[in-house]
Amino acid sequence: MTPVHTLWFDQALLPDGWARHVRLTIAAGRIAAIETGVDHAPGDERHVAAVPGLCNVHSHAFQRGMAGLAETRGPADDDFWTWREVMYRFLDRLTPGDVEAIAAQAYVEMLEGGFTRVGEFHYLHHTPDGRPYANPAELAERVAAAAEATGIGLTLLPVFYAHADFGGAPPKPGQRRFISDVDSFAGLVEGGRRAIAALPDANLGVAPHSLRAVTPDELQRVVALAPIGPIHIHVAEQVKEVEACLAWSGARPVAWLLDHHDVDHRWCLIHATHVDAAEVAAVANGGEVVGLCTVTEANLGDGVFPTADYLALGGRFGVGTDSNIAIDAAGELKMLEYAQRLTRRSRNILVAGEGGSVGSALFRGAIAGGAQALGGGHAGVSGGPGGLSVGAAADIVALDTEHPSLIGRSGDALLDGWIFAAAGGGVVDCVWRHGAKVVERGRHRHASAVARLYSAALRRLLAT
Ligand code: NGQ
Ligand code: ZN
């Protein structure tokens with residue numbers, strides 16, 4: 001029998017805007033009906049304010065285990081590339097059990113913060129000595145197990161990684177756990193498909209790691225392995241990367257990609273940080289999404305994407321927690337606006353028109369772009385509309401309107417209070433994922449068990 005239940009909210013953010021007295025009927029994990037302007041009925045579970053769960057378009061779950069461990073200064077100037085060395089040393093020793101325990105902790109934190117789906121950009125494929133596991137998709141299965149245990153929606157993005165730099169440079173020893181050729185990668189994609197088969201509304205795409213890590217020929221063949229799923233790629237995160245791409249091809253990375261591929265709505269350009277005005281316009285006028293991970297981009301000293309110019313041209317974006325240095329959905333949206341305020345020395349930038357709420361514009365933008373980038377909410381089809389709509393997965397966040405930063409507010413002001421004024425969290429009250437309540441009073445139902453496994457893994461890893 002299909003379980004059916006009803007949730008009633010005093011107010012809820014629907015695709016057309018805030019509505020009052022909203023009843024959602026949930027059946028088999030999906031929103032079967034939406035009524036507005038109705039009284040609650042016996043049997044309705046009642047809450048005050050509902051918003052759709054956000055999509056986290058870009059995560060490397062295992063990096064949660066090294067959060068805060070790369071904040072001491074090295075012998076010379078530190079940058080993205082010295083951080084990457086620290087990251088490579090950390091991942092060197094991870095076992096499959098570690099990968100699962102760390103991912104589960106990361107996913108619990110994502111759900112507790114209001115993310116209900118994650119795009120896992122999964123590139124840790126092999127054993128510590130760089131050989132495939134007996135089951136080549138072992139680590140994808142660990143990621144899927146973490147998603148299953150925590151309930152988060154999973155868009156698995158197996159990563160193709162073959163080279164250390166533009167021009168097909170051979171991989172470095174620190175990259176040995178990532179490396180495939182296109183044929184063995186096709187096996188990883190198939191293994192990924194099997195790994196997620198039992199998960200509700202999981203989705204599968206492919207992720208060529210970056211233009212550095214693939215040759216043009218490999219990129220063509222990897223993209224062809226995902227005829228319908230999302231395609232994610234790191235692009236133009238570092239100035240050095242832009243310069244290397246110019247030296248190699250005469251074009252900047254984003255321009256090169258747009259020139260050589262039919263970059264459509266299935267593509268998500270992660271960290272399109274360093275783009276010139278022509279690239280901004282071309283991406284905004286195309287169908288793709290940019291994946292902005294501003295907390296990580298700040299942490300790694302990447303630079304600032306010209307978000308205001310891009311949005312003014314109608315560009316679409318999703319947000320991601322990437323390195324998982326701090327897993328905080330509202331914090332990602334806040335940093336997006338604050339980076340613009342700091343560089344432009346003005347306020348209330350990423351919203352069009354007088355009277356517009358910045359928090360609401362950011363939240364709704366991230367809902368739409370995130371759904372497009374990860375798909376899955378609508379029967380595994382990339383590009384679903386997202387949000388609380390009939391047929392969508394019941395991925396719902398109830399806000400604690402008694403939080404000091406939300407008191408006395410309604411509608412968009414709740415989003416502004418959450419995003420800008422509620423440092424330290426505490427705003428997310430309940431989260432339903434695929435219709436199941438996985439977070440209550442801000443706490444995931446398996447938080448303690450997941451934390452125990454995480455803590456055992458971390459103690460062992462940090463002791464060695
Ligand atoms: C990653 N992370 O794959 O984890 C990358 C670093 C690289 C970010 N770009 C490695 N934030 O890009 O080579
Ligand atoms: Zn990344």
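- Checked by atom type, the side-chain pair S360/R364 shows a donor-acceptor distance below 3.5 Å.
- Between H60 and H58, the ring-plane angle classifies as perpendicular under the 30° and 60° cut-offs.
- Side-chain N or O atoms of E120 include one that pairs as donor or acceptor with a backbone N or O of A61 at under 3.5 Å.
- Rounded to the nearest 0.5 angstrom, L399 CG and R409 CZ are separated by 12.5 Å.
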Legend entry - Derivation of the side-chain hydrogen bond (donor to acceptor under 3.5 Å, both in side chains) call for E112 and Y107: CA-CA 8 Å; E112 289 180 346; Y107 296 165; over 6 Å; no
Inset, instruction - Starting from the C-alpha separation in whole Å, work towards a yes-or-no answer on salt bridge (charged side-chain N to carboxylate O under 4.0 Å, His left out) for R316 and E288. - result: CA-CA 7 Å; R316 284 155 307 280; E288 65 273 35; 5.1 Å; no
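- When atom types are taken as modelled, the side chain of R266 and the backbone of D264 share no donor-acceptor pair closer than 3.5 angstrom.
- For the atom pair CG of L199 and CD1 of I152, the computed distance is 11.5 Å after rounding to the nearest 0.5 Å.
- With sequence neighbours excluded, the residues satisfying side chain to side chain contact (heavy atoms under 4.5 Å, CB included) with V48 are D10, T401.
- The closest side-chain donor-acceptor pair between R117 and N203, if any, does not fall under 3.5 angstrom.
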Show the atom names and distances, to 0.1 Å, of all donor-acceptor pairs under 3.5 Å that link a side chain in residues 294-302 to residues at least two apart or in another chain.
{"residue": "T294", "atom": "OG1", "partner": "E332", "partner atom": "O", "Å": "3.1"}
{"residue": "T296", "atom": "OG1", "partner": "T321", "partner atom": "O", "Å": "3.2"}
{"residue": "T296", "atom": "OG1", "partner": "S323", "partner atom": "N", "Å": "3.2"}
{"residue": "T296", "atom": "OG1", "partner": "S323", "partner atom": "OG", "Å": "2.9"}
{"residue": "E297", "atom": "OE2", "partner": "H271", "partner atom": "ND1", "Å": "2.8"}
{"residue": "E297", "atom": "OE2", "partner": "C293", "partner atom": "N", "Å": "3.0"}
{"residue": "N299", "atom": "ND2", "partner": "E71", "partner atom": "OE2", "Å": "3.1"}
{"residue": "D302", "atom": "OD1", "partner": "Q238", "partner atom": "NE2", "Å": "2.8"}

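- In terms of heavy-atom proximity, Y161 sits nearest to Y88 at OH-OH, 3.6 Å.
- For R433 (side chain) and L111 (main-chain N/O), no donor-acceptor pair under 3.5 Å exists by modelled atom type.
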Legend entry - Worked verdict on Y454 versus V108 for side chain to side chain contact (heavy atoms under 4.5 Å, CB included): CA-CA 11 Å; Y454 175 74; V108 160; over 6 Å; no
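- Of all heavy-atom pairs between A144 and A195, the closest is CB-O, 3.4 Å.
- No donor-acceptor distance shorter than 3.5 angstrom exists from the side chain of H232 to the backbone of G119, with no hydrogens or angles considered.
- Using modelled atom types, one finds no donor on one side chain facing an acceptor on the other under 3.5 Å when comparing D78 with W83.
- For the pair R341 and F420, the cation-pi test (distance below 6.0 Å, angle within 45°) is passed.
- Counting all heavy atoms, side chain and backbone alike, P208 lies closest to V222 at CD-CG1, 4.3 Å.
- Two rings, from H47 and W8, have their centers 6.0 Å or more apart.
- Residues G359 and I419 come closest through the heavy atom pair O-CD1, 3.5 Å.
- The two atoms that bring G387 and A392 nearest to each other are O-CB, 3.7 Å, heavy atoms only.
- Atom CG of residue N56 and atom OG1 of residue T116 lie 10.0 Å apart, to the nearest 0.5 angstrom.
- Between H446 and H444, the ring planes lie tilted relative to each other; the angle falls in the 30° to 60° range.
- The aromatic rings of H261 and W267 lie tilted to each other, with the angle between the two planes from 30° to 60°.
- Taken to the nearest 0.5 Å, the CG atom of D79 stands 10.0 Å off from the CD atom of E85.
- With a 6.0 Å radius and a threshold of 12 heavy atoms from other residues, nucleotides or ligands, R46 has its CZ atom at or below the threshold.
- Test N324, V450, I327 against E109 for side-chain contact (heavy atoms from CB on, under 4.5 Å) and you get one pass: I327.
- Electrostatic pairing of R460 and D98 counts as a salt bridge here, judged by a charged N lying under 4.0 Å from a carboxylate O.
- A salt bridge does not link R445 with E440: every distance from a Lys NZ or Arg NE/NH1/NH2 to an Asp or Glu carboxylate oxygen is 4.0 Å or more.
- With hydrogens and angles ignored, the 3.5 Å screen pairs no side-chain donor or acceptor of R64 with any backbone N or O of A326.
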Inset, instruction - Using the salt bridge (charged side-chain N to carboxylate O under 4.0 Å, His left out) rule, take D309 and R344 through it: C-alpha gap first, then chi angles, then the decisive distance, then the call. - result: CA-CA 11 Å; D309 299 340; R344 299 167 84 104; 3.5 Å; yes
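- With contacts defined as side-chain heavy-atom distances shorter than 4.5 Å, the pair F178/V159 does not qualify.
- Side chain of Q11 to main chain of G411: a donor-acceptor pair is present (N/O by atom type, distance under 3.5 Å, no hydrogens or angles).
- The two atoms that bring V397 and V431 nearest to each other are CG2-CG2, 4.2 Å, heavy atoms only.
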Inset, instruction - May I have the step-by-step check of salt bridge (charged side-chain N to carboxylate O under 4.0 Å, His left out) for D429 and R441, ending in yes or no? - result: CA-CA 5 Å; D429 181 18; R441 291 176 206 265; over 6 Å; no
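- Relative ring orientation between Y123 and H209 is described as perpendicular, the plane-to-plane angle rising above 60° on a 0-90° scale split at 30° and 60°.
- For the atom pair CG of L204 and CG of L154, the computed distance is 9.0 Å after rounding to the nearest 0.5 Å.
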Inset, instruction - Go through the steps to decide whether L414 and L13 satisfy the test side chain to side chain contact (heavy atoms under 4.5 Å, CB included), and finish with yes or no. - result: CA-CA 11 Å; L414 293 171; L13 180 60; over 6 Å; no
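- The aromatic rings of F121 and H234 sit tilted relative to each other, their planes meeting at an angle between 30° and 60°.
- Using modelled atom types, one side-chain atom of D276 and one backbone atom of E279 make a donor-acceptor pair closer than 3.5 Å.
- Counting heavy atoms from C-beta on, the side chains of C430 and V439 never come closer than 4.5 Å.
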Legend entry - Evaluation steps, side chain to side chain contact (heavy atoms under 4.5 Å, CB included), between I233 and L257: CA-CA 10 Å; I233 184 168; L257 188 64; 4.0 Å; yes
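- Although no hydrogens or angles enter the test, the distance criterion places a donor-acceptor pair under 3.5 Å between the side chain of E337 and the main chain of L350.
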Inset, instruction - Given side chain to side chain contact (heavy atoms under 4.5 Å, CB included), test L91 with M66 step by step and report yes or no. - result: CA-CA 9 Å; L91 67 77; M66 59 167 284; over 6 Å; no
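- Residue D416 holds its CG atom at 13.0 Å from NZ of K334, rounded to the nearest 0.5 Å.
- Looking only at distances, a side-chain donor or acceptor of D395 sits under 3.5 Å from a matching main-chain atom of H434.
- Residues W18 and V51 form a side-chain contact, since some pair of their non-hydrogen atoms from C-beta on lies under 4.5 Å apart.
- Residues S357 and V351 have side chains not in contact (no heavy-atom distance under 4.5 Å, counting atoms from C-beta outward).
- Although no hydrogens or angles enter the test, the distance criterion places no donor-acceptor pair under 3.5 Å between the side chain of Q175 and the main chain of A213.
- Side-chain contact check for V358 versus L362: some heavy-atom pair is nearer than 4.5 Å.
- Ring centroids of F317 and Y310 are separated by 6.0 Å or more, keeping the two rings apart.
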